[in-house]
Amino acid sequence: MATFEILCGVAALLVALYYYSTSTYDFWKKRGVPGPRPLPVLGNTKDIMGVKTSLAAFLQKIYEEYKNEPMIGLFMGRRPILVLNDPDIIKDVLIKDFPKFADRGFNVFEKTEPLSIHLFNIESERWRPLRSKLSPIFTSGKLKNMFPLIVECSDHLKIYLDKLVAKGETVECRELTAKFTTDVIGTCAFGIDMNAMAEEDSEFRQMGRKIFEVSPETIFRLKMRQYLPRIYDLLGYIIPEKNFSPFFTKIVMDTINYRKQNDIFRPDFINMLIELQKHPDKLENIKLTDSLLTAQAFVFFAAGFETSSSAMSNALYELALNHEVQDKLREEIAEYFAKNNGQLKYEDIKHLKYLDKVFKETLRKYPAGPILMRKTTSEYTFNETKVSIPKQLVLWIPIFPIHRDPNIYPNPDVFDPERFNEDAIAARHPMHYLPFGDGPRNCIGARFAVCQTKVGLITILRNHKVHVCDKTMIPYEFDPGAFLLAPKGGIYVKMTKVEN
């Protein structure tokens with residue numbers, strides 16, 4: 001009798017779980033929004049949750065299946081997600097009606113991950129005043145002042161790469177470019193020599209690897225954040241993040257205190273944080289804690305080195321496969337230096353037109369993230385479809401499949417920089433190219449990222465040729481466990497010295 005009662009109890013729990021997990025699954029049907037049928041508990045993202053496929057591949061499949069639909073209804077677990085395909089609707093969300101979509105939709109876990117309270121994640125109430133105070137560090141004038149420091153790091157890159165090439169070994173592009181961008185971020189943002197190229201065991205480079213490594217712990221934390229955010233937040237006292245928070249908090253606060261005590265001024269990111277400390281009243285009701293200050297420095301470091309190094313390494317991968325593009329770009333670089341006595345100037349970077357096309361085509365094929373996320377701050381009805389959605393609904397703008405849509409970019413798998421000549425750009429909807437997002441909450445460091453990426457590519461290609469080798473990944477595969485778009489197993493090429 002006891003066994004029967006236990007079985008009945010288990011059955012009742014399973015039935016209750018089933019009904020709870022599926023209770024929201026009529027959400028999109030009621031609104032007339034098409035989408036694939038969700039599975040109980042798992043929703044539509046089973047393969048993403050199980051790390052069997054990348055978010056990019058998942059989105060590509062969904063996008064192709066519902067290509068003619070302006071929007072698609074999905075479920076992450078039991079939570080409804082709206083995917084936007086129509087460029088005019090995307091423009092409304094990012095620009096026209098931005099105040100109603102001002103939140104990104106990422107969760108902040110102040111106990112579990114103290115450094116998650118950064119500009120990229122936080123809700124609109126804290127984002128607005130912080131963004132306005134941090135934006136001045138990314139103006140063209142400030143970047144011009146930083147430019148000699150970027151060039152100095154590029155000189156170290158040339159020396160480092162010459163040593164690698166002299167050994168005759170294959171080069172792992174992501175590690176090479178991440179060393180360069182780590183040093184650039186260190187000197188430009190923090191006034192710290194991070195020694196990523198000079199020292200193989202540079203502490204900052206080790207930290208950079210850990211932030212984005214695909215390990216059981218990072219995958220576990222990522223999936224908990226996505227699928228069980230409330231439970232993850234409650235686990236803050238049990239499984240707090242211990243790798244990055246203590247390290248970066250000590251570095252940032254020690255640097256701030258040292259500059260204050262010694263009256264040191266540098267026009268960089270740390271100085272901007274010092275100014276915030278001096279005038280906390282300008283941040284309205286934001287509590288200016290050490291964690292909040294450090295979090296802003298942390299995200300600048302993490303995003304600054306990773307996204308730019310990814311763009312550089314992906315560009316090198318495509319140039320190794322497309323030597324006619326590589327040769328044309330190198331010719332442009334050589335002509336530029338011949339006209340400018342071998343000097344690289346900030347004002348002149350924009351004159352390298354073909355480099356700009358190569359850069360933009362790289363970000364078309366390999367945007368840093370496969371989606372843009374937004375979350376409603378109030379109820380909203382789309383003008384075009386008359387679909388109404390509630391407050392706090394998360395929306396996905398599928399950058400990756402849009403950038404690979406053959407109706408927008410013919411033969412999308414072909415690397416063709418001429419997609420970004422003036423006529424081609426004018427013929428496309430502006431929402432069909434979104435590597436840095438758009439609207440008020442676009443990438444704050446886009447100008448800085450473009451600059452350091454282009455300087456790095458100029459340095460490498462002026463002096464070296466890039467070739468495929470036995471270890472080059474063909475075709476390109478995305479790592480399903482990575483948070484950002486990342487290649488599975490790295491990008492290996494052969495480099496040879498250019499004979500002058």
Side-chain angles (χ1 to χ4, degrees), residues 28 33-38 43-49 51-76 80-94 101 104-105 226 307 310-311 314 317-318 360-374 382 384-385 387 394-416 419-420 424-425 427-439 442-443 475-488:
W28 293 123
V33 178
R37 185 175 181 179
N44 301 113
T45 55
K46 170 177 65 72
D47 290 339
I48 298 174
M49 187 177 183
V51 201
K52 291 182 178 179
T53 189
S54 66
L55 181 55
F58 168 80
L59 285 169
Q60 186 77 42
K61 182 180 177 182
I62 296 294
Y63 182 86
E64 290 173 357
E65 188 176 349
Y66 295 89
K67 194 169 187 176
N68 297 319
E69 299 292 345
M71 50 183 64
I72 308 165
L74 299 179
F75 293 91
M76 179 176 278
I81 302 285
L82 185 61
V83 180
L84 303 179
N85 290 345
D86 184 271
D88 291 322
I89 295 177
I90 292 172
K91 187 175 181 179
D92 287 347
V93 169
L94 295 181
F101 301 93
R104 280 198 186 272
Q226 290 175 331
T307 56
S310 292
N314 286 324
Y317 173 82
E318 289 291 348
K360 288 176 177 174
E361 175 67 348
T362 300
L363 291 189
R364 178 194 69 81
K365 285 195 74 174
Y366 310 98
I371 60 171
L372 285 177
M373 281 178 58
R374 292 293 187 267
F382 294 97
E384 293 84 353
T385 63
V387 171
V394 171
L395 299 90
W396 288 359
I397 298 168
I399 300 176
F400 182 84
I402 289 174
H403 284 192
R404 301 275 184 127
D405 187 336
N407 293 324
I408 303 169
Y409 299 97
N411 300 313
D413 293 333
V414 173
F415 187 80
D416 180 11
R419 299 182 200 275
F420 292 92
I425 292 173
R428 284 193 298 268
H429 196 293
M431 297 298 106
H432 281 156
Y433 184 69
L434 295 167
F436 294 109
D438 208 331
N442 65 348
C443 176
Y476 194 108
E477 290 184 59
F478 293 105
D479 193 325
F483 173 64
L484 299 175
L485 280 184
K488 191 175 182 179

*Asks:* Check whether any side-chain heavy atom of Tyr366 lies under 4.5 Å from a side-chain heavy atom of Ser310, and answer yes or no.
*Replies:* no

*Asks:* Do Trp396 and Ile62 pass the side chain to side chain contact (heavy atoms under 4.5 Å, CB included) test, and can you show the C-alpha distance, the side-chain angles, and the key distance before you say yes or no?
*Replies:* CA-CA 12 Å; Trp396 288 359; Ile62 296 294; over 6 Å; no

*Asks:* With sequence neighbours left out, write down each residue that passes side chain to side chain donor-acceptor pair (under 3.5 Å) with Lys91, or none if nothing qualifies.
*Replies:* none

*Asks:* Could you tell me whether the side chain of Thr362 reaches within less than 4.5 Å of the side chain of Phe415, counting heavy atoms only?
*Replies:* yes

*Asks:* So Phe382 and Leu82, do their side chains get closer than 4.5 Å, heavy atoms only?
*Replies:* yes

*Asks:* Step by step, work out the side chain to side chain contact (heavy atoms under 4.5 Å, CB included) result for Asn85 and Lys67.
*Replies:* CA-CA 8 Å; Asn85 290 345; Lys67 194 169 187 176; over 6 Å; no

*Asks:* Which residue in the set Asn442, Asp438, Leu94 passes side-chain contact (heavy atoms from CB on, under 4.5 Å) when paired with Leu372?
*Replies:* Leu94

*Asks:* Looking at Asn411, I'd like to know if its CG atom is crowded, meaning that more than 12 non-hydrogen atoms belonging to other residues, nucleotides or ligands lie closer than 6.0 Å.
*Replies:* no

*Asks:* If the threshold is 4.0 Å, N to carboxylate O, is there a salt bridge linking Lys365 and Asp413?
*Replies:* no

*Asks:* Heavy-atom count around Met373 CE within 6.0 Å, excluding the residue itself: above 12?
*Replies:* yes

*Asks:* Does Leu84 form a side chain to side chain contact (heavy atoms under 4.5 Å, CB included) with Arg374? I'd like the steps, not just the answer.
*Replies:* CA-CA 11 Å; Leu84 303 179; Arg374 292 293 187 267; over 6 Å; no

*Asks:* The criterion is ring pair (Phe, Tyr, Trp, His ring centres under 6.0 Å); which residues satisfy it with Tyr433, sequence neighbours excluded?
*Replies:* His403, Phe420

*Asks:* Can Arg419 be said to sit on top of Tyr409's aromatic six-ring, NZ or CZ under 6.0 Å from centre and within 45° of the ring axis?
*Replies:* no

*Asks:* Between Phe58 and Leu74, is the side chain to side chain contact (heavy atoms under 4.5 Å, CB included) condition met? List the steps.
*Replies:* CA-CA 12 Å; Phe58 168 80; Leu74 299 179; 4.0 Å; yes

